[in-house]
Structures are given as structure tokens and as C-alpha cells.
Amino acid sequence: MDASSSLTGKAFEAYRQRRLALIERMTRGGGGIAVIPTAPEQMRNRDAHYPYRADSYFQYLTGFVEPEAVLVIVVDSSGAAAQSILFCREKNLEREIWDGFRHGPEGAREVFGFDAAHAIGELDAKLSELFADQAALWYSIGHDAGWDQRIASALNAVRAQSRTGKRAPATIRDVRAELDAMRLVKDAAELAIMRRAAEISTAAHIRAMRFVAPGRFEYEVEAELLHEFRRQGCEFPAYTSIVAGGANACVLHYVGNDRVLRDGELLLIDAGGELTGYASDITRSFPVNGRFSGPQADVYALVLDAQAAAIEAVRPDATFAEPHEAALKVLAQGMLDLKLLQGSLDAVIEAESYKRFYMHRTSHWLGKDVHDAGEYKQGEHWAPLVPGMVLTIEPGCYIRPAEDVPEAFWNIGVRIEDDALVTTAGCEIITLAAPKKIADIEALMRDARGG
Ligand code: GLY
Ligand code: MN
Ligand code: MN
């Protein structure tokens, strides 16, 4: 079956528009040639590869997800004669019998709407032709030593022809910097996919909540999440799911997922699916036995209040830092009220003593990458929020046993994470379907157990 059959007509338009937007940025920067390779395949161990995932920048501009592919964009200084050229694997019946369908250059050009396409084997020779007399090379150095070497060889091949009057590009510009700025604000096609990824991921969290009970293992819960992601069409989990029972919830990147869940403990699940190359990122924390204890409810309510304050601070023209600052104020006051900390609110914030229980920030950009592309600061200032940006809101509180901490709170780890789309009116939480009010979680778990 043609793997591209679902990607026809209008679906390409979004990718073409993104290439045009990059061309416009390159034109403003004096034109030149951009080289954007996809990701290499990676061997896991003998004859077994890691699942292949195309490079996010490449995928953003092409929609093309076969390995061994490169996008080249040539823009003369007026922008009038811009060309998008794909280099990809040739068709090969023998390989297609073993590994599956390949578009081949001609098929890819037609289906994905490039101006030209060539076999990947022609890349080195064609690059040194294409580099000649270009004002600038738009390439992001330092991410892949193999590609850096290949680009350097193509440059040197042009330099070697200087006596024939050919000139190599005099400047190198970071094409990822332009793409980072573009990727910060999602277009309609991206938002449609992200909403669907969010929908699937909330369903996975609900499925896990219904499944959890004392005696189940963390990996069994992980399997429920993966089942729902895959069942509804996600290609992968967007990152390794964190399924952390009891004290494991206080390990921020716990991925062992191999312990039994015990009565009386909380479970923290941080998991999201990846759909058509877009991530969802959701955390829910809830009691293994379906009923919050008093101390668990105290910490949970505090984190939920902090999240509400942070969400309130997500609006256009607020800065990226404002949701974090809003969450911090609530968390720090709550830590004082629960006697986790002593002193005044100002002193706790000034000395950052809250970091003992809340050591990460509240937000990151979300998109093709779970920690998505895009700057967080513009010069000295935090980036302003703009409609179309998507960021997580994920305060937490992690309490390790210590003599000066009330024992009732030992090993309670809570994080609540949702995905916020900045709108003209404020923000829209696209992951709300996963319950997070105490009463809603308890009702859902009660219902799953048959009342
Ligand atoms: N799941 C990764 C994060 O929350 O940032
Ligand atoms: Mn996150
Ligand atoms: Mn997360």
C-alpha cells in the first residue's frame, strides 16, 4: 500500500506554506542555500534498529518520514526563483520486499509537491554544484558530526574550483534559528494534530486510572497507556512514560516502572502519545486505592491550586515566566502552611528554599518535540506569549523523608501537568478531559471498581 495515501492535496499545503515562510525569512537574510537533513537510523544492537523517527525540523517542512533524506532550499537574493529540492532513497524492489514501500524521488516530488527530487546518492555531487556562488549557506552546525563533515567536503569542493571563478558561500547562517522561531507559533494543521494527540493521551490516562489497583505493577499500567496510544493511532509514546508509585514519584525522571503498587500510596503518571510527529505531555497523580488520604489530599490540593494560578497567568503579552512565578507563590505559601518550610513567603521565594520540594520549572514549549524548539528569552527578557504557542503547565511537590519534615507527608510526590494553547482571549487547556479534581478522580476510580 502507498504509505502516502492519507497525505494528499490539502494536507501538503501546510508543509508548502512552511517552506514558503522559510524562503521568505531566507530572502530577508539575503538568500542562499539551506540544507536540512533528516535523522539517521540508529542501530540498537546487532541487526535491530531503534524505531525510526524523522528529524523534527525536516518533518516540519516536508511531511516526509523515510530515512536517508535531505531537503535543500535554494533562494536567490530576490526570492523570485526559490526551489525546494528533496534528496531521498531510490525505489528498489528488492529492498521494498524486505523493508517496505519507498516513494523514490519522482514519487516523492509528485506526492509531496517539491520542485525537484533526486536520488540521495547524488547529494554530494549536487551539493557542490548548488553551493557555488550562493550568498550564504543556511545550515545548523554541530548536531551531527557526519553531516558537518559532508557539508565541509561540499564547501571544499567549491573552494577547489576558485580558479574557474566559482565561489563558496561566504557566510554560514543557522537555519534552525529561523525554524525555531517559526515552530514556536503553531499553524492550524499543527493545532489539529496536537488536539487529537491530546485527546488520545487523555483517554490513555483515563484508561490507566480505571486499571490501577493495589497489587498491580507499574509496568502493567505502562502497558495500558501504550495500548491506548497505539490503539488510537499514535506512532510512539512522545517520551518514555513515567509510572511512579509511592516514593518513586519523588524521582523526577523515574522510568524503571517495575515496582508493585501498594495500598495507601499515590501513583504519578507522566505520559503522552506522539501523533503524526506531535507530542502530548500530561501528568496525573492519584491514589492507588482510589481514595486520597488527608495528607495526600493536602499536597494534591496545593499543587492543583498552583496549577490554576499558573493557568490564569497564561495570556497573550504575559511572559513565559509569569505562569511559573504564579505557581511558585502558591506553592511556597502552601509549603509554609503545611509546615514543610518555616519563615515568611518573601524569604522562601528570595532564598529559593521551596526548591527542596519543587526543583523544576512550571512550563516548556510543546510541539513536535516534547521539550519543543524555540527560545525562552529574547535578549535579557522572557519571551512574550503569543496566540498559537503551546506550553505545558506542570507544577509539582515532591517530599522526601527527612527529620525536619512532618512524617505524614513522607514520600508524597505530586505533579499535575496540562497542555495550554495561548489564545487571543487567554488560553485553552487541550488536555482537560483527563480528570484532576479530587472528587472526579475518586468518582472515576469508584466507578471502575463497580461502585
Ligand atoms: N514528560 C516530560 C516533561 O514533563 O517535561
Ligand atoms: Mn512536561
Ligand atoms: Mn510530562
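Being a predicted model, the structure only gives us computed values, none of them experimental. Note that ligands are numbered from 1 as they come in the structure, with each ligand's atoms numbered from 1 the same way.
Partner of F112 under the ring-ring contact (aromatic ring centres under 6.0 Å, His included) criterion, chosen from F12, Y15, F58: F12. Partner of E274 under the salt bridge (Lys or Arg N to Asp or Glu O under 4.0 Å) criterion, out of R230, R196, K368, R53: R53 alone.
If you look at Y376 and F320, their ring centroids are closer than 6.0 Å. Two rings, from H360 and Y398, have their centers less than 6.0 Å apart.
The atom name of the N/O/S atom in E417 closest to the Mn ion (ligand 2) is OE2. Of all the N, O or S atoms in D281, the one closest to the Mn ion (ligand 3) is OD1.
Electrostatic pairing of K186 and D372 counts as a salt bridge here, judged by a charged N lying under 4.0 Å from a carboxylate O. A salt bridge links R28 to E24: at least one charged side-chain nitrogen sits closer than 4.0 Å to a carboxylate oxygen. Between E428 and R195 there is a salt bridge, since a side-chain N of the basic residue sits under 4.0 Å from a carboxylate O of the acidic one.
For atom 3 (C) of ligand 1, the closest non-hydrogen atom of the protein is D281 OD2, 3.4 Å.
Annotation: angle subtended at the Mn ion (ligand 2) by H364 NE2 and E394 OE2 is 80°, to 10°.
Set against the non-hydrogen atoms of H371, the atoms of ligand 1 under 4.0 Å away are 2 (C), 3 (C), 5 (O). When each atom of ligand 1 is checked for a heavy atom of Y239 under 4.0 Å away, the hits are 1 (N). Of all atoms in ligand 1, numbered sequentially from 1 with element shown, those under 4.0 Å from a heavy atom of E417 are 4 (O).
Neither the backbone nor the side chain of I242 comes within 4.0 Å of ligand 1, counting heavy atoms alone.
Ligand 1 does not have R415 within reach: every non-hydrogen atom of the residue lies 4.0 Å or more from it.
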